[in-house]
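All residue numbers in this chain count up from 1 along the given sequence. Computed from heavy atoms alone, side chains included, the values below leave out hydrogens, waters and symmetry copies.
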Amino acid sequence: MKLLPLTTCVRLARRYREFRRGERGPVFVSWFLTRECPIRCAGCVFFSRHPTPPEDLPLADKLRVLADLERIGVPFLFIAGGEPCVAPDLPEVLGEARRRGLYTILVTSGLVMSPELARVIDRTARGVIFSIDGIEPEHDRIRGQGNYQRV
């Protein structure tokens, strides 16, 4: 069994103490890091709500978001997209999240994962969630023909 890092445990303990006092603070944040995505999945809420998504934040603003998350004591950060693996600044964002003690999970389709990016993710993220929507026929119906095998 792998234990949570000390910084994560401390942040969770603080959140629990705040909760017991009737205060509320976020335990996790799910961040759509980029609007870019190589596919349009059936039922994707992001593109159905934002046919022309807003521009991505510049890296300096993304780093300020991470500083704010650390400052308010968020223990867990889920980075999603679009497809976060196409964000050119993903390595910098993941590295900064790690330096700030955020327990970061990357949520990806897995379709644009390169060996180099996988090494960066391995060094910086605490985990990866691959979006798989069922067995092959169901996954391909939602994400596009052949994508199950690509993942």
Side-chain angles (χ1 to χ4, degrees), residues 1-134 138-139 142-143 147 151:
M1 175 192 314
K2 193 169 185 178
L3 299 176
L4 291 172
L6 182 59
T7 54
T8 306
C9 293
V10 168
R11 288 177 183 171
L12 282 170
R14 286 183 184 146
R15 280 292 178 250
Y16 180 71
R17 205 172 56 236
E18 292 166 357
F19 174 78
R20 298 288 297 170
R21 291 191 308 245
E23 301 169 11
R24 301 292 187 265
V27 174
F28 77 90
V29 168
S30 183
W31 185 9
F32 284 17
L33 187 67
T34 180
R35 66 190 178 113
E36 300 300 325
C37 187
I39 56 176
R40 296 293 183 268
C41 301
C44 176
V45 297
F46 187 77
F47 289 102
S48 64
R49 290 185 184 156
H50 306 284
T52 306
E55 292 294 316
D56 291 348
L57 292 174
L59 178 59
D61 290 344
K62 290 176 181 177
L63 299 179
R64 278 193 285 281
V65 167
L66 294 171
D68 288 344
L69 294 177
E70 177 190 27
R71 181 180 50 75
I72 65 173
V74 171
F76 298 101
L77 172 63
F78 288 67
I79 295 180
E83 170 52 64
C85 291
V86 300
D89 54 9
L90 179 63
E92 291 85 357
V93 170
L94 288 173
E96 184 68 10
R98 179 78 178 225
R99 281 188 289 283
R100 292 190 173 277
L102 295 160
Y103 193 100
T104 305
I105 305 292
L106 183 73
V107 182
T108 177
S109 68
L111 295 173
V112 292
M113 181 79 60
S114 69
E116 180 183 331
L117 183 56
R119 284 189 289 279
V120 168
I121 293 167
D122 184 51
R123 287 191 310 270
T124 54
R126 297 290 182 165
V128 178
I129 295 173
F130 290 95
S131 301
I132 298 179
D133 301 301
E138 181 66 8
H139 180 85
I142 294 169
R143 301 216 175 230
N147 282 335
V151 172

*Rounded to the nearest 0.5 Å, how far does CG of D61 lie from CG of D56?*
11.5 Å
*Applying side-chain contact (heavy atoms from CB on, under 4.5 Å) between I39 and each of I142, V112, L111, report the one that passes.*
L111
*asked:* Evaluate V107 against W31 for side-chain contact (heavy atoms from CB on, under 4.5 Å), listing each step before the verdict.
replied: CA-CA 10 Å; V107 182; W31 185 9; over 6 Å; no
What pairs of donor and acceptor atoms, side-chain ones from residues 77-96 against any protein atom, are under 3.5 angstrom apart with sequence neighbours left out?
| from | atom 1 | to | atom 2 | distance (Å) |
| --- | --- | --- | --- | --- |
| E83 | OE1 | T108 | OG1 | 3.1 |
| E83 | OE1 | S109 | N | 2.8 |
| E83 | OE1 | S109 | OG | 2.7 |
| E83 | OE2 | C85 | N | 3.0 |
| E83 | OE2 | T108 | OG1 | 2.7 |
| D89 | OD1 | K62 | NZ | 3.0 |
| D89 | OD2 | K62 | NZ | 2.9 |
| E96 | OE1 | R99 | NE | 3.2 |
| E96 | OE1 | R99 | NH2 | 3.1 |
| E96 | OE2 | R100 | NE | 2.8 |
| E96 | OE2 | R100 | NH2 | 3.4 |

*Could you walk me through whether D122 and R119 pass the salt bridge (charged side-chain N to carboxylate O under 4.0 Å, His left out) check?*
CA-CA 5 Å; D122 184 51; R119 284 189 289 279; over 6 Å; no
*How many angstroms lie between NE2 in H139 and OG in S131, if you round to the nearest 0.5 Å?*
8.5 Å
*asked:* Give me the atom names and distance for the closest heavy-atom approach of S114 to L117.
replied: OG-N, 3.0 Å
*From S30 OG over to F76 CZ, what is the distance, rounded to the nearest 0.5 angstrom?*
14.0 Å
*Nearest atoms (heavy-atom pairs only) where V74 meets L102*: O-CD2, 3.1 Å
*Considering only heavy atoms from C-beta outward, does the side chain of L4 approach that of L12 to under 4.5 Å?*
yes
*Can you tell me if CD on E116 sees more than 12 non-hydrogen neighbours from other groups inside 6.0 Å?*
no
_Interatomic spacing from OG1 in T104 to CG in L69 - rounded to 0.5 Å_ = 9.0 Å
*What residue pairs, at least two apart or across chains, pass side-chain hydrogen bond (donor to acceptor under 3.5 Å, both in side chains) with a residue in residues 4-20?*
R15-E18
_Side chain R35, main chain F32, donor-acceptor under 3.5 Å_ = no
*First locate atom CD1 of I132, then atom CD of E138, and finally report the distance between them rounded to the nearest 0.5 Å.*
13.0 Å
